[in-house]
Protein chains: 2
Amino acid sequence: MRIGQLASLSGLAAHTIRFYESKGLLNKPKRSINGYRIYDKDALQSLSRIQCAQRLGFSLEDMLSVMAGDGTAQGMDHDKMLEQLDMRLIEVDILLGQLSRQKQDIIDFKVRLQKNWDQGQCLQVDEINQLN
Amino acid sequence: MRIGQLASLSGLAAHTIRFYESKGLLNKPKRSINGYRIYDKDALQSLSRIQCAQRLGFSLEDMLSVMAGDGTAQGMDHDKMLEQLDMRLIEVDILLGQLSRQKQDIIDFKVRLQKNWDQGQCLQVDEINQLN
DNA sequence: TATAAGCTTAAAGTTAACTTTAAGGTCAAT
DNA sequence: ATTGACCTTAAAGTTAACTTTAAGCTTATA
């Protein structure tokens, strides 16, 4: 199949598929006589793996580092993957903590705003008074 | 004080302060005879408000929209601020949900990986079989 | 006096993951 | 024969929030 069909099957835009190829995330496909890219099932599976990894929060660069370098996303290094997954878990936990704190900060801020407190609430007064 | 002192007091880099000025987030300061920027306490307070808003998760553009347009971050619109805070709360809740789901997905994925399941786990088989 | 720290500007570079544009070749159908 | 859908490439544009660079003044210190 050509890039258009792969695009509609994968749910990605054709130019995104070319972009992945240019980044080395996707194997360079065969070409038809006129130069069109010709794909098979494996390409769809590769794209699907990329989309899966993205859902788990990995960047395209993360994916490159676990791939065998052949762009197939087939020969992935199990240990590297587990390592990446653990790192991502830690990142996610940190983000969850930050977001929860942020949420509480916003709630607190709203309360102060509704009580019509001084708008200078963000600045520690002693910081300001260090000045002349 | 000059930009260097404002930078060290605020914890921001001098070029970041100039950048904020260029974006209209910070009032244009007076200049000394030689052209240097001269700041007072208010500038520090403005920077502090910017940093506060950033901690709450707002973008520089968000801040512009609640400012009176004078770059002081003084005459903020209370209603607009409350509206922004509520919008941000909703965003944060959505992000928290996404991240929790992502975390569970990663945990599930790890389990499958450790059980040495087929690496094709990401792709629905019927999706692949639509192909020739 | 020299050198180093601090200030000025405008413009370009950074990162990620694409998207858009330009300029054109191919192919099926009308 | 021409319209329209689909394909090609390379390069530039997008967004956010800066950072870096270049080229050149000013001021304090040794």
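A, B, ... follow the sequence lines: proteins, then strands. Residue 1 opens every chain.
At whole-Å resolution of the value, CD1 in A:Ile3 and C1' in C:dT26 are 15 Å apart. Taking atom CG of residue A:Asp62 and atom C1' of nucleotide C:dT15, one finds them 14 Å apart after rounding to whole Å. One atom, CD of B:Gln54, and another, C1' of D:dA16, lie 11 Å apart when rounded to the nearest Å. Remark: P of C:dC18 and CG of A:Leu47 are 11 Å apart, rounded to the nearest angstrom. At whole-Å resolution of the value, CD1 in B:Ile33 and P in D:dT27 are 9 Å apart. The distance from atom NZ of A:Lys23 to atom C1' of C:dA17 is 8 Å, rounded to the nearest whole Å. One interatomic measurement links the two molecules: CD of B:Glu61 to P of D:dA17, which rounds to 8 Å at whole-angstrom precision.
The nearest pair of heavy atoms linking B:Gln84 to B:Ser65 is NE2-OG, 2.9 Å.
Using a distance-only test at 3.5 Å, with no hydrogens or angles considered, no donor-acceptor pair links the side chain of A:Ser48 to the main chain of A:Leu44. The main-chain N or O of B:Gln102 is never found under 3.5 Å from a side-chain atom of B:Asp105 such that the two would form a donor-acceptor pair.
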All N/O contacts under 3.5 Å from nucleotides 9-12 of chain D to the protein, with atom names and distances to one decimal?
unit_1 : atom_1 : unit_2  : atom_2 : d
D:dT9  : OP1    : A:Arg31 : NH1    : 3.3
D:dT9  : OP1    : A:Arg31 : NH2    : 2.9
D:dT9  : OP1    : A:Arg37 : NH2    : 3.4
D:dT9  : OP2    : A:Arg37 : NH1    : 2.7
D:dT9  : OP2    : A:Arg37 : NH2    : 2.8

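The closest side-chain heavy-atom distance from B:Leu6 to B:Arg37 is not below 4.5 Å. Side-chain atoms of B:Tyr39 and B:Lys30, non-hydrogen and from C-beta on, never get closer than 4.5 Å to each other.
Between B:Glu91 and B:Arg88, at least one side-chain N (NZ, or NE/NH1/NH2) sits under 4.0 Å from a carboxylate O, which counts as a salt bridge. Ion pairing between B:Lys23 and B:Glu61 fails under the 4.0 Å rule for side-chain N and carboxylate O.
Side-chain heavy atoms closer than 4.5 Å link hydrophobic residues (I, L, V, M, F, W, Y) into clusters, and following such links, even through other members, never connects B:Phe58 to B:Met87. Grouping the Ile, Leu, Val, Met, Phe, Trp and Tyr side chains by contacts below 4.5 angstrom, directly or via other members, places B:Tyr36 apart from B:Leu26.
In terms of phosphate contacts, A:Gln5 brings no side-chain nitrogen or oxygen within less than 4.0 Å of OP1 or OP2 of D:dC7.
Each of B:Phe58 and B:Arg2 was matched to the nucleotide of DNA chain D holding its nearest heavy atom; the match closer to the 5' end belongs to B:Phe58.
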>> Each nucleotide in nucleotides 19-26 of chain D should get exactly one letter: B, S or -. Can you fill that in based on protein heavy atoms under 4.0 Å?
In response: SB-----B
